[in-house]
Amino acid sequence: MYVVVAADPEGRGGTLRPEDGIAAHVTDLAAAIAGDAGEVRWVWGDTRRIYPGVLAQGARVGRCYDIALTEGLLLAAEGRFGEPRSAEAAYARAHGLPVPEDREAVAEGGQGLLFETEPRDAGFGIPEADLVAEVYRGQLARIAQLPEPGKFRLLVAAESAGALIAAEMGFHGMPWREAVHDALLTELLGPRPAHGMRPAKLQALADEVAAAFGQAVNPDSPQQIVKAFKAAGLTVPSTRSWVLKQVEHPGVKPLLAYKELARLYSFHGWVWADQWVRGDRFRAEYVVGGVVSGRWATSGGGALQIPKLMRRAVVADDGWTLVVADAAQLEPRVLAAMAQDGGLARAAGEIDLYAALAKAFGGSRDAAKIAMLSAMYGGTSGDAHKLLAVMRQRFPQAYGFVEDAARAGEEGHLVRSWLGRTSPPPSARWRALVSGPEGVRAARDRGRFTRNFVVQATAAEWANTLMAILRANLPDPARLVFFQHDEVMVHCPLDQTPTVRAAVATAADEATRLLFGDTPVRFPMEAVAVTCYADAK
DNA sequence: GGGTTTTGCGCC
DNA sequence: AAAGGGCGCAAAACCC
């Protein structure tokens with residue numbers, strides 16, 4: 001059963017409208033939703049706008065259908081990339097009315113989304129629930145016109161579940177011990193400095209750098225560093241750390257140490273914690289489908305870039321544990337399953353795919369790994385050519401699959417993931433460039449993008465599907481608290497550990513079956529239970 | 001002075 | 001050894 005939901009802009013109430021029923025206003029939307037026994041798929045315009053309020057009132061949704069996310073997928077599939085995707089915009093397009101721009105949800109320091117100041121009624125003279133219901137029906141009809149509607153419906157379901165999960169992760173937050181984080185920073189940098197001052201250890205390193213060069217140098221300034229090396233008779237093309245590592249000069253060591261610590265200080269230091277951590281919880285803002293490939297992005301807090309070192313601050317509550325699971329070698333397995341390459345699929349039936357491939361590449365696991373990565377990323381340097389020739393000969397289906405994607409991209413065509421996410425079309429700039437002197441380079445650049453798109457986007461689909469299944473199978477009060485491309489974290493009471501680990505394994509199997517049916521490719525998802533995230537690897 | 005682009009590097 | 005896909009973010013660098 002589908003029920004269409006519209007939330008009142010200012011309060012707890014809203015409108016419910018069964019698929020073929022009459023709209024009814026309710027004064028307590030969360031209570032109405034909580035009364036669902038699990039058979040309802042809630043249809044609404046934008047999870048980010050409605051669900052945080054529902055969560056705040058203690059209710060939880062089983063399944064939803066997110067109009068805006070679906071509209072984005074549909075527009076791309078119809079070759080119309082980047083147009084507004086709100087329910088109002090979809091309605092306007094269908095009726096030939098002026099299309100309102102998307103109003104990006106306004107966020108404030110980890111406190112979730114603020115309500116919009118403008119009224120939701122975009123001037124169409126139709127109640128929101130009716131508008132949503134109409135757009136919903138229209139989307140179902142458009143989906144039915146696609147080449148593979150069944151797969152696309154799965155994509156929509158996984159994407160919508162992702163929106164629920166992202167909101168819940170933001171609501172519950174990932175365990176983050178403020179005291180541990182502060183102690184870690186103090187150990188590495190010295191005590192928290194006064195505003196505008198460098199931490200003691202950073203200042204000491206900066207002084208060392210200046211002393212080594214015999215002049216004042218701002219270690220944060222690439223320009224000044226290059227100049228300082230020049231004055232010392234050394235020419236460096238950039239100040240990237242791998243470049244500096246090859247330079248022999250007493251300033252290099254303190255400079256590299258400075259850069260490493262300065263990054264921790266500015267990205268995940270005290271100021272960051274002030275903004276994003278409260279009550280021993282890190283509340284990030286995830287953007288579901290924020291990457292064109294369908295990967296999640298973040299709009300604040302940098303949740304997808306937490307340095308390994310900082311994971312020491314991620315500690316389960318007393319009596320609870322963190323179940324951390326990541327998919328091993330996800331992308332090559334996805335390629336093997338999509339391309340239906342017999343040889344590669346056989347190797348992908350093993351736990352260590354690269355080891356299983358080693359024999360084909362002269363017995364070297366490293367060579368096998370470089371070959372696979374070069375095929376998926378479009379690598380050309382070093383041994384890549386030689387290894388790709390082996391790949392083409394031994395795994396022709398897999399090789400051909402990514403080559404086809406690359407060629408499509410070079411020719412300006414669109415490519416699609418397994419479930420039907422469509423790559424963006426080439427930009428006007430690209431079209432202009434590709435017929436000019438830099439055309440070959442522009443074409444190859446886009447080829448690398450589309451080559452990777454088909455693999456990365458399908459890997460994201462597998463991960464989203466896994467997470468949707470896992471969420472549905474978790475016992476209460478276990479919660480998904482973190483997700484990073486191919487890795488999930490569940491926070492649960494200690495006694496639920498075996499249940500949660502089993503749920504992860506089941507979800508991986510079910511996701512594989514839902515996407516690829518009866519494939520010999522295995523998708524190992526080993527779950528470990530740890531007290532501290534840093535101990536997970 | 002303010003807005004935009006570049007640099008460099010963290011994560012997958 | 002340093003090439004190849006996707007991001008976000010802070011500070012510097014650049015530009016009006």
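Keep in mind it's a predicted model, so treat the numbers as computed, not measured. By convention in this document, chain letters (A, B, ...) are assigned in the order of the sequence lines, proteins followed by strands, and residues within each chain are numbered from 1.
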Out of C:dA3, B:dC12, C:dA13, which has the shortest distance to the side chain of A:His485? B:dC12
If you check every side-chain atom of A:Arg448, which of C:dG4, C:dA11, C:dG6 has the closest atom? C:dG4
Could you please name the option among C:dG6, B:dC12, C:dA10 that lies closest to any side-chain atom of A:Phe267? C:dA10
Side-chain contact check for A:Val291: nearest option of C:dA12, C:dG6, B:dC11 is C:dG6
Whole angstrom value for the distance that separates P of C:dG8 from OH of A:Tyr286: 14 Å
Atom NZ of A:Lys151 with >12 non-hydrogen neighbours under 6.0 angstrom: yes
Determine the contact category for A:Asp326: base if any of its heavy atoms lies under 4.0 Å from a base atom, sugar-phosphate if only primed atoms, P, OP1 or OP2 are that close, otherwise nothing. nothing
Students often get this wrong, so: under 4.0 angstrom with heavy atoms, is A:Gly290 touching a base, only sugar-phosphate, or nothing? nothing
Looking at C:dG4, I'd like to know if its phosphate oxygens (OP1 or OP2) sit under 4.0 Å from a side-chain N or O belonging to A:Asn452. no
With respect to the phosphate group of C:dC7, does any side-chain polar atom (N or O) of A:Arg295 fall under 4.0 Å of OP1 or OP2? no
Phosphate OP1/OP2 of C:dG4 contacted by A:Lys369 side-chain N/O (<4.0 Å): no
Looking at A:Gln223, I'd like to know whether one of its side-chain N or O atoms comes within less than 4.0 Å of OP1 or OP2 on C:dA13. yes
Distance, rounded to the nearest Å, where A:Gln305 contributes CD and B:dC9 contributes C1': 9 Å
For C:dG4, take OP1 and OP2 only and decide whether either is under 4.0 Å from a side-chain N or O of A:Thr380. no
Within the side chain of A:Arg522, is there an N or O that forms a donor-acceptor pair under 3.5 Å with the backbone of A:Gly349? yes
Length of the CD-P vector between A:Glu260 and C:dA10, whole Å: 19 Å
Starting the side chain at C-beta, find the nucleotide from C:dA10, C:dA12, B:dG10 nearest to A:Ser221. C:dA12
Could you say whether A:Asp220 or A:Val292 is positioned toward the 5' end of DNA chain C, judged by the nucleotide with the nearest heavy atom to each? A:Val292
Taking for A:Glu331 and for A:Gln246 the nucleotide of DNA chain C with the nearest heavy atom, the one nearer the 5' end belongs to A:Gln246
Looking at C:dA3, I'd like to know if its phosphate oxygens (OP1 or OP2) sit under 4.0 Å from a side-chain N or O belonging to A:Ser374. no
What is the nucleic acid contact for A:Ile306, judged by heavy atoms within less than 4.0 Å: base, sugar-phosphate only, or nothing? sugar-phosphate
Roughly, in whole Å, what's the span from CD in A:Glu410 to C1' in C:dG4? 14 Å
Per A:Arg311 side chain, nearest of listed nucleotides B:dG8, C:dG5, B:dC12: B:dC12
Scan side-chain atoms only and decide if A:His491 and A:Arg479 contain a donor-acceptor pair under the 3.5 Å cut-off. no
Going by ring pair (Phe, Tyr, Trp, His ring centres under 6.0 Å), A:Tyr286 matches just one of A:Phe171, A:Phe483, A:Trp296, A:Phe482. Which one? A:Trp296
Rounded interatomic separation in angstrom, taking CG from A:Asp445 and P from C:dA3: 14 Å
Checking only heavy atoms, does the side chain of A:Gln456 share a donor-acceptor pair with the base of C:dG6 at less than 3.5 Å? no
Rounded to whole Å, how long is the line connecting atom CD1 of A:Ile370 with atom P of C:dA3? 14 Å
Picking from C:dA2, B:dG8, B:dC12, which would you name as closest to the side chain of A:Glu487? B:dC12
Whole-Å gap separating P (B:dG10) and OH (A:Tyr265): 18 Å
Can you name the salt bridge (Lys or Arg N to Asp or Glu O under 4.0 Å) partners of A:Arg295, sequence neighbours left out? A:Glu331
Could you please name the option among B:dC9, C:dA3, C:dG5 that lies closest to any side-chain atom of A:Arg263? B:dC9
Atom-to-atom span, CG of A:Leu304 to P of B:dC9 - whole angstrom: 20 Å
Does B:dC9 have OP1 or OP2 sitting under 4.0 Å from an N or O in the side chain of A:Lys259? yes
Once ring pair (Phe, Tyr, Trp, His ring centres under 6.0 Å) is applied, do any residues pair with A:Phe282, and if so which ones, sequence neighbours excluded? A:Trp176, A:Trp272
Can you classify the ring geometry of A:Phe229 versus A:Phe213 as parallel (below 30°), tilted (30 to 60°) or perpendicular (above 60°)? perpendicular
On the nucleotide C:dG5, are OP1 or OP2 found under 4.0 Å from the side-chain N or O atoms that A:Ser293 carries? no
Stacking check: are the rings of A:Tyr377 and C:dG5 less than 5.5 Å apart at their centres and under 30 degrees in tilt? yes
